[in-house]
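All residue numbers refer to positions in the sequence shown, counting from 1.
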Amino acid sequence: MKNKSQIIFLSLIIILTLLTTTVAADTTLSFKAPSGDTEKSEAAKKIESMMEIIKSEYYKDVEDEELIEGAIRGMLETLDPHSTYFSQEEFTEFMNDISGEIVGIGVQIEKRDDGITVISPIEGTPAYKAGLKTGDKIVEVDGVDISGYAVDKAANLIKGKEGTTVDIGIRREGTAGIIYYEFVREVIKINPVKYEIKEDNIGFIRITDFNSNTSANVAKAVEAFKAQNVKGAIIDLRGNPGGLLDEVVEACKLLISEGPIVKIQVKNEIVETYYSDLEEAPFKLVVLTNGGSASASEIMAGAIKDSNTGIIVGEKTYGKGTVQSTMRIQGGGGVKLTIANYLTPSGFSLDGVGITPDIEVSANANSAAEHAPIKGDRSIKSGLIGLDVLGVQQRLSALGYNVSNHDGVFGGMTRTAVLAFQKDNNLKQDASIDQDDIKVLDSKLQEKQNSTDLQLETAIQELKKMLP
């Protein structure tokens with residue numbers, strides 16, 4: 001088992017797999033018996049024996065280096081989705097990625113359910129602008145079926161030179177067939193933190209990634225809020241795929257009072273606990289999360305919740321609770337190896353589970369699907385009673401029209417609201433809802449839902465309740 005000094009020495013990284021380019025490694029390794037032994041270990045003998053069989057019986061010539069590299073990659077792949085072998089070039093690029101600069105289309109991916117799965121598009125990137133979503137399965141790259149590919153192999157096709165194009169085919173739950181996108185690859189510089197002060201002197205911090213710049217920018221936000229006497233703040237971690245352990249710990253030290261932030265566990269033993277020594281938390285907090293909130297962002301959410309500094313609003317988090325260490329290896333290259341799992345301050349292990357919000361709010365909670373259906377098989381007008389009347393009342397009310405009684409009865413108040421809606425949208429003012437009216441009604445409701453952040457609105461209301 002790794003001792004505490006080893007854990008501290010290693011560069012601990014909590015990160016979902018980034019798009020990295022896979023190239024042929026020129027790495028020569030030799031198998032050695034443990035120090036002090038004069039004979040080769042049984043494992044080394046077995047591997048060398050298999051190499052000799054392949055070299056003598058395989059129908060093509062194979063170099064030792066190819067077999068050794070393949071064996072190493074295979075060993076890492078049998079462990080978990082986050083343990084990876086890197087060639088020298090790959091290792092350099094990986095370290096550049098976590099520094100806050102990515103070259104590609106700007107999407108975090110992972111191998112899940114036998115497919116290359118989008119964990120989160122990075123805000124402001126080509127993938128984000130095009131509308132890629134958490135859970136999308138990337139199945140084609142430039143016409144190549146990558147359904148069975150490992151993450152690194154898929155990434156090798158997706159990435160390329162700046163300014164070149166790549167065609168991506170994805171499958172999305174609830175949508176038939178493959179959806180195709182054309183992206184122009186670009187250098188993506190991640191701005192990890194944005195902040196502002198909203199109405200009622202409420203602070204808002206959006207953290208998109210925990211790269212090497214995050215904690216310093218969170219510190220700027222905290223100082224700006226203090227200068228304006230902000231008492232409550234919202235931390236938006238939606239779509240945040242994670243990042244560096246040190247960065248999330250340092251950011252938490254700015255936000256939560258004295259006590260544990262995260263516990264690192266190896267083989268059921270807590271080997272390291274990171275603490276905040278802040279005398280008092282500067283703000284009451286509400287954390288926004290969704291299914292794209294993973295890893296380091298889950299550490300922050302868990303620390304804020306368990307320290308009673310704030311609550312969580314939104315959707316259940318992704319559920320990545322393991323710690324990776326990056327290490328250079330002899331001959332060049334390196335590995336990213338899962339060496340531990342982490343627990344929230346209360347001892348909760350979220351790996352594969354995620355964190356359930358204190359208040360659950362779906363992003364589309366005000367969509368037409370949440371209201372009573374309108375079949376449109378009849379003209380809906382004064383005197384009628386039914387679910388379709390209720391659906392009209394709910395939609396008009398959501399759009400701001402005065403329909404206080406959602407009773408499914410088309411009375412005088414509903415008639416007045418319908419006439420107002422028809423006038424505002426240049427529809428025939430006949431006080432009845434027909435097919436054309438239904439289309440506009442649902443279209444306007446969708447526009448409102450897209451422009452209204454219901455999760456944020458809920459967070460603001462909940463934060464107000466927490467403030468004196």
Side-chain angles (χ1 to χ4, degrees), residues 121 123-124 128-136 170 172-181 198-200 204 236 238-239 288 290 313-315 359-462 464:
E123 189 170 330
Y128 182 88
K129 293 174 183 177
L132 262 63
K133 299 179 180 181
T134 298
D136 285 347
I170 64 108
R172 178 172 296 158
E173 186 175 353
T175 302
I178 299 176
I179 305 171
Y180 290 95
Y181 296 88
K198 294 186 175 291
E199 287 184 44
D200 300 316
F204 178 82
D236 189 352
R238 292 174 296 182
L288 285 169
N290 64 8
V313 171
E315 298 166 299
I359 299 173
E360 294 192 61
V361 181
S362 297
N364 61 345
N366 200 31
S367 68
E370 299 297 319
H371 301 319
I374 304 176
K375 293 183 179 180
D377 57 352
R378 63 173 179 172
S379 180
I380 305 169
K381 52 190 177 181
S382 293
L384 292 179
I385 300 173
L387 278 177
D388 50 1
V389 177
L390 175 61
V392 169
Q393 292 172 330
Q394 290 172 328
R395 287 163 173 79
L396 288 171
S397 182
L399 290 172
Y401 295 95
N402 184 22
V403 186
S404 57
N405 295 324
H406 297 178
D407 54 9
V409 179
F410 200 127
M413 183 177 289
T414 302
R415 185 178 187 278
T416 300
V418 168
L419 284 170
F421 169 76
Q422 290 175 330
K423 181 180 179 181
D424 290 344
N425 293 280
N426 298 316
L427 296 166
K428 183 180 179 181
Q429 297 176 50
D430 57 5
S432 66
I433 296 292
D434 300 306
Q435 286 285 356
D436 289 342
D437 302 281
I438 294 170
K439 289 179 182 178
V440 176
L441 193 59
D442 281 340
S443 174
K444 291 295 179 180
L445 185 64
Q446 186 63 42
E447 288 177 12
K448 179 177 175 63
Q449 187 257 319
N450 289 340
S451 63
T452 302
D453 190 336
L454 297 172
Q455 294 172 335
L456 177 58
E457 287 187 354
T458 302
I460 291 172
Q461 294 306 313
E462 292 301 320
K464 287 180 179 179

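- A 6.0 Å sphere centred on OH of Tyr128 holds no more than 12 heavy atoms belonging to other residues, nucleotides or ligands.
- Residues forming a side-chain hydrogen bond (donor to acceptor under 3.5 Å, both in side chains) with Lys464 (at least two apart in sequence, or on another chain): Asp200.
- Residue Lys198 qualifies as enclosed at atom NZ: its count of foreign heavy atoms under 6.0 Å is above 12.
- Panel note: side chain Gln422, backbone Lys428; a donor-acceptor pair is recorded below 3.5 Å.
- Remark: side-chain polar atoms of Asn290 are paired, donor with acceptor, to backbone N or O of Gly239 under 3.5 angstrom.
- Scanning for side-chain contact (heavy atoms from CB on, under 4.5 Å) contacts around Leu384 gives Arg378, Lys381, Val389, with sequence neighbours left out.
- Nearest heavy atoms, Ser382 versus Arg415: OG-CD, 3.4 Å.
- Atom NZ of Lys133 is separated from atom CD1 of Ile179 by 8.0 Å, given to the nearest 0.5 angstrom.
- Listed here is the closest heavy atom pair of Gly124 and Lys129: O-CE, 3.2 Å.
- In this structure, the side chains of Ser362 and Glu315 come closer than 4.5 Å at one or more pairs of heavy atoms.
- The CG atom of Asp453 sits 8.5 Å away from atom CD1 of Ile460, with the distance rounded to the nearest 0.5 Å.
- Nearest heavy atom pair, residue Asp434 against residue Asp430, reads OD2-OD2, 3.9 Å.
- Ile433 places none of its side-chain heavy atoms less than 4.5 Å from the side chain of Arg395.
- Side-chain N or O atoms of Gln455 include one that pairs as donor or acceptor with a backbone N or O of Val361 at under 3.5 Å.
- Taking every heavy atom of both residues into account, Ala431 and Phe410 meet most closely at O-CZ, 3.5 Å.
- If you take CG on Asp424 and CG on Leu419, they are separated by 11.0 Å, rounding to the nearest 0.5 Å.
- Closest non-hydrogen pair, Met413 versus Val403, comes out as SD-CA, 3.9 Å.
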* Please walk me through it: do Leu399 and Leu441 pass side-chain contact (heavy atoms from CB on, under 4.5 Å)? -> CA-CA 9 Å; Leu399 290 172; Leu441 193 59; 3.8 Å; yes
* Starting from the C-alpha separation in whole Å, work towards a yes-or-no answer on side-chain contact (heavy atoms from CB on, under 4.5 Å) for Leu288 and Leu456. => CA-CA 7 Å; Leu288 285 169; Leu456 177 58; 4.0 Å; yes
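- To the nearest 0.5 angstrom, Leu396 atom CG is 8.5 Å from His406 atom NE2.
- Checked against side-chain hydrogen bond (donor to acceptor under 3.5 Å, both in side chains), Asp407 has the following partners two or more places apart in sequence or in another chain: Gln393.
- Between Thr416 and Asn402, every side-chain heavy-atom pair lies at or beyond the 4.5 Å cut-off.
- Atoms CG and CD1, on Asp437 and Ile380 in that order, are 9.0 Å from each other to the nearest 0.5 Å.
- With rounding to the nearest 0.5 angstrom, the CD1 atom of Ile438 is 5.5 Å from the CD1 atom of Ile374.
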* When you look at Phe421 and Val440, which way does the side-chain contact (heavy atoms from CB on, under 4.5 Å) test go after all the steps? -> CA-CA 10 Å; Phe421 169 76; Val440 176; 3.8 Å; yes
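- The closest side-chain heavy-atom distance from Gln461 to Ile359 is not below 4.5 Å.
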